[in-house]
Student: 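Just dropping this structure here.
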Amino acid sequence: MITTIGCCDSGLGGMLVVKALKEAYPDLNIVFIADQSNVPYGEKSVEDLSRYARAFLDRFRKMGIHEVVIACNTLCANVIGDIQEEYEDLHIFNIIEPTCRQLAGHGYQKINVLATPKTVERHAYQKALGIFCPEAEVHEIPAAKLVPVIEDGCDPLLLKKAVEGYVTEKADAWVLGCTHFPLIRPYLEGKGEIFDSNQAIVDLFKDEQINGEGRVEIYTTKDPDKMKKSIQTLLKCEYDVKAITLDS
Ligand code: DGL
């Protein structure tokens, strides 16, 4: 039985995950923390990423939250495996394997993955897809420019241009290996099947009994008013956003 989950990311990507979870499980309580004073994470050092991950997990622990979705591929690829034994009291969900599992059994020959440079550097998607789609040729594309454009208001022309710089061919399937990237779906149309982490994360809880009151708390380490407006504009939903300081 689950009452509350904690969810964290560098920014708005995690909020897309929260929205998907909320739609699937209206009774679930969700506490989301966006570390927007450090966004983008995609080119940060492993040392920095470890500090950010620990700061999130320490805070959730202090809040008494034991189920934590790391809604950030960059943290999952680089640091979660190494630090999770320090947090044995928490149930930490790494989202990369569940995202890749969705592609199993389709017979895809050519799979392209768009992710942050730091995620690509660890070849986390290549490794996981190698298990679920052993017959596929996997091409990982480091896409550093997309997160800043999304965080900066998601200007459609800028985003389209940035996407076109990375998406130059068709593939059987595209994996959006960054939780910010569902927002680029319109610019990938006609290029192949598209998979992101949202449904995979929703499915993590499909056999659980959810026993909350549907409370959602959203925190940012930067500017709550700006985040509230971005959520209204990009996600078309209304949430209060509060400021938080993390010890990272
Ligand atoms: N949304 C995160 C991810 O899934 C982090 C992106 C970033 O801050 O660069 O990788």
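Side chains included, hydrogens not; waters and symmetry mates left out as well; all remaining heavy atoms used. Counting starts at 1 for both ligands and their atoms, following the listed order. Along the sequence shown, residues are numbered consecutively beginning with 1.
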Student: List in chain and number order the residues that pass ring-ring contact (aromatic ring centres under 6.0 Å, His included) with Tyr41, two or more places apart in sequence or in another chain; answer none if no residue qualifies.
Tutor: Tyr52
Student: Is it true that Lys161 and Glu164 make a salt bridge, defined as a side-chain N closer than 4.0 Å to a carboxylate O?
Tutor: no
Student: With sequence neighbours excluded, what pairs up with Tyr25 under the ring-ring contact (aromatic ring centres under 6.0 Å, His included) test?
Tutor: none
Student: Please say which of Thr119, Val163, Val120, Val167 ends up in a side-chain contact (heavy atoms from CB on, under 4.5 Å) with Leu114.
Tutor: Val167
Student: Answer yes when Asp247 and Arg54 have at least one side-chain N-carboxylate O distance shorter than 4.0 Å, and no when they do not.
Tutor: no
Student: Side-chain atoms of residues 129-147: list all donor-acceptor pairs with protein atoms under 3.5 Å, sequence neighbours left out, distances to 0.1 Å.
Tutor:
from	atom 1	to	atom 2	distance (Å)
Glu140	OE1	His123	ND1	2.6
Glu140	OE2	Gln126	N	3.2

Student: Using a cut-off of under 3.5 Å, which N/O atoms of ligand 1 pair up with protein N/O atoms, and what distance separates each pair?
Tutor:
from	atom 1	to	atom 2	distance (Å)
ligand 1	1 (N)	Asp9	OD1	3.0
ligand 1	1 (N)	Asp9	OD2	3.1
ligand 1	1 (N)	Thr179	OG1	2.8
ligand 1	1 (N)	His180	ND1	2.9
ligand 1	4 (O)	Asn73	N	2.8
ligand 1	4 (O)	Asn73	ND2	3.1
ligand 1	4 (O)	Thr179	N	2.9
ligand 1	4 (O)	Thr179	OG1	3.4
ligand 1	8 (O)	Ser10	OG	2.6
ligand 1	8 (O)	Tyr41	N	2.6
ligand 1	9 (O)	Tyr41	N	3.1
ligand 1	9 (O)	Gly42	N	2.9
ligand 1	10 (O)	Asn73	N	3.4
ligand 1	10 (O)	Thr74	N	3.1
ligand 1	10 (O)	Thr74	OG1	2.6

